[in-house]
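Just below is one structure, and these are the notes that go with it.
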Protein chains: 2
Amino acid sequence: MLFHFKTQFPTLNPFWDKYLEFQTRLEVPAKTILLEEGKVSQQYIFIEKGCVRAFFNNNGIDKTVQFFFENEGLTSLDSFVNNTPSLSSIETLEPSVVYLLPKQYVTQLLEELRHEPDFMQMILQIFARRQIHYMNEFVSFIRDTPEVRYQRLLNERPHIVQRVAQHYIASYLGVSTVHLSRIKSKLAKGKSHF
Amino acid sequence: MLFHFKTQFPTLNPFWDKYLEFQTRLEVPAKTILLEEGKVSQQYIFIEKGCVRAFFNNNGIDKTVQFFFENEGLTSLDSFVNNTPSLSSIETLEPSVVYLLPKQYVTQLLEELRHEPDFMQMILQIFARRQIHYMNEFVSFIRDTPEVRYQRLLNERPHIVQRVAQHYIASYLGVSTVHLSRIKSKLAKGKSHF
DNA sequence: CCGGAACGATAACATATGTTATCAAGTTCA
DNA sequence: TGAACTTGATAACATATGTTATCGTTCCGG
């Protein structure tokens, strides 16, 4: 969310690098909770290896909100910015290597960055991207059937389907595991007209 | 989206005020298109009176994405930031009074603001809010039935239900007009146990 | 003030999706 | 390695939702 902009705004590189030393490297197995629902997010998480998901508990039913993979960074934004209890948890789905940067350093980094010429462009890009991402997720529910949403996922982010267990994907798509299975078998039949 | 932060960050007030003179006041009837799908957004829109919706056309079917009312500001963020064709249109739902601030002045204003002490807090608040809004919309589709989504709308943003025609709300909730009508009559029956 | 258009309710039917249960195959771990 | 757990497929049935059509009411422009 922050650090993949290295290549896009080269003049800002020295700033990222200055904070490398404040990161904690963590090597963890699958199903490790990195942030627990209800706790306040204190760190920015960067994934070097593996993958994680954000999810929340709804009446005992586990709902996945988002997946993250190598070279992506994340945090529970509301919790991080407003010091409020996080509405979602974050856990690893595979054995992973992550780096944690405490909030105070993120704040410090942003303070340093904001006087740089490229800063405004960068910050607008970063936030616009995230916002557009969530907006698209939302629009997809208004516009597409679950079948189409699955196809889009398959086309646009195939690594998710490949690496993540199906029940997580089902809840992410907003359907039951049974129905996702039906969708898959229907699509498989469709393809077999060779 | 920008200008309602006046009261929250008083030290920044003089900056907003400096740009008032560059706004164009527009008095328009209902169903006036303020931004057309496919065109590049060139202005930030602030609503003084009335209400508008953002929507897009999906295979001839009109889908509403969001509603805006008095003292709210909006733009097609992706289009505005990246100079790309807007994916959605914006139109008034009632006779309205809006102010338009051309993009160049928004950019200029942000450039002036970013050196102010409160800037980082403000910009994080603004973007975090928007992002959390869209994330919540999205999560609601994963978590809630259409009936619950309608009830939440009724509880959390009753002005929308009061002022906006039902078929716009139906597409916003992701259901057909017929089903929204069913939901309403079901809820009405539930209430009549007096 | 009239007439057409927009709006909302409802019925009848078709389709999509959820729920529960069962089974087979793969995985994990003591 | 074997037992428990996880994962995914499928069937049968129940419920939710979409589609089309009809009707009465309201709204709005000429």
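A, B, ... follow the sequence lines: proteins, then strands. Residue 1 opens every chain.
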Whether [Y] and [X] form a salt bridge (side-chain N of Lys/Arg under 4.0 Å from carboxylate O of Asp/Glu) is what I want to check.
{"X": "B/Lys63", "Y": "B/Glu37", "result": "no"}
{"X": "A/Arg157", "Y": "A/Glu137", "result": "yes"}
{"X": "A/Arg53", "Y": "A/Glu91", "result": "yes"}

Are B/Ile45 and B/Phe55 connected into the same hydrophobic cluster when the rule is that any two of I, L, V, M, F, W, Y join if their side-chain heavy atoms are below 4.5 Å apart?
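In one cluster with B/Phe55: B/Ile45, no.
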When clusters are formed by joining ILVMFWY residues with side-chain heavy atoms under 4.5 Å apart, either directly or through shared neighbours, do B/Leu87 and A/Met135 land in the same one?
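Result: no, two separate clusters.
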Output the rounded distance in Å from [atom1] ([X]) to [atom2] ([N]).
{"X": "B/Glu147", "N": "D/dA16", "atom1": "CD", "atom2": "C1'", "result": "11 Å"}
{"X": "B/Arg149", "N": "D/dA16", "atom1": "CZ", "atom2": "P", "result": "14 Å"}
{"X": "A/Lys186", "N": "C/dA16", "atom1": "NZ", "atom2": "C1'", "result": "9 Å"}
{"X": "A/Leu187", "N": "D/dG8", "atom1": "CG", "atom2": "P", "result": "16 Å"}

With a 3.5 Å cut-off and no angle check, do the side chains of A/Ser41 and A/Ser76 form a donor-acceptor pair?
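Not at all, the side chains of A/Ser41 and A/Ser76 share no donor-acceptor pair under 3.5 Å.
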Can a side-chain donor-acceptor contact be found between B/Arg130 and B/His133 if the only test is distance below 3.5 angstrom?
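No.
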Within residues 50-60 of chain A, residues whose heavy atoms come under 4.0 Å of DNA chain D
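Residues of residues 50-60 of chain A that come under 4.0 Å of DNA chain D do not exist, since none gets that close.
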Please write out each protein N/O paired with an N/O of nucleotides 24-30 of chain D under 3.5 Å, distance rounded to 0.1 Å.
none

According to the interplanar angle, ranging from 0 to 90°, do the rings of B/His115 and A/His115 count as parallel (below 30°), tilted (30 to 60°) or perpendicular (above 60°)?
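Ring orientation of B/His115 relative to A/His115: parallel.
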Mutual orientation of the aromatic rings belonging to B/Phe141 and A/Phe138 [parallel < 30°, tilted 30-60°, perpendicular > 60°]
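It falls in the tilted class, 30° to 60°.
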Check step by step if side-chain contact (heavy atoms from CB on, under 4.5 Å) holds for A/Leu113 and A/Ile123.
CA-CA 10 Å; A/Leu113 275 177; A/Ile123 202 84; over 6 Å; no
Show your working on side-chain contact (heavy atoms from CB on, under 4.5 Å) between B/Gln108 and B/Tyr19 and close with a plain yes or no.
CA-CA 10 Å; B/Gln108 209 171 301; B/Tyr19 285 84; 3.5 Å; yes
With 3.5 Å as the limit, what N/O pairs link the protein to nucleotides 5-7 of chain C?
from, atom 1, to, atom 2, distance (Å)
C/dC7, OP2, B/His167, NE2, 3.3

List the residues meeting side-chain contact (heavy atoms from CB on, under 4.5 Å) with A/Thr92, not counting sequence neighbours, and say none if there are none.
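Testing A/Thr92 for side-chain contact (heavy atoms from CB on, under 4.5 Å), a comparison that skips the adjacent residues, returns A/Val28, A/Thr32, A/Leu34, A/Val52, A/Ser96.
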Is there a side-chain contact between A/Gln166 and A/Leu180 (heavy atoms, below 4.5 Å)?
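Result yes, sub-4.5 Å side-chain heavy-atom pair found.
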Would you check, one step at a time, whether the test side-chain contact (heavy atoms from CB on, under 4.5 Å) holds for A/Leu35 with A/Thr75?
CA-CA 9 Å; A/Leu35 171 66; A/Thr75 188; 5.9 Å; no
Taking only side-chain N and O atoms of B/Lys184, does any of them lie within less than 4.0 angstrom of OP1 or OP2 on C/dA9?
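It does, given that an N or O in the side chain of B/Lys184 lies less than 4.0 Å from OP1 or OP2 of C/dA9.
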Degree of bending, the helix from C/dC1-D/dG30 to C/dA30-D/dT1 (end axes from five pairs; round to 10°)
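End-to-end axis angle: 60°.
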Produce a footprint string for nucleotides 18-30 of chain C: one letter per nucleotide, 5' end first; B if the base is under 4.0 Å from any protein heavy atom, S if only the sugar-phosphate is, - if neither.
BBB----------
Derivation and outcome, side-chain contact (heavy atoms from CB on, under 4.5 Å), residues A/His159 and A/Phe67
CA-CA 10 Å; A/His159 56 288; A/Phe67 303 103; over 6 Å; no
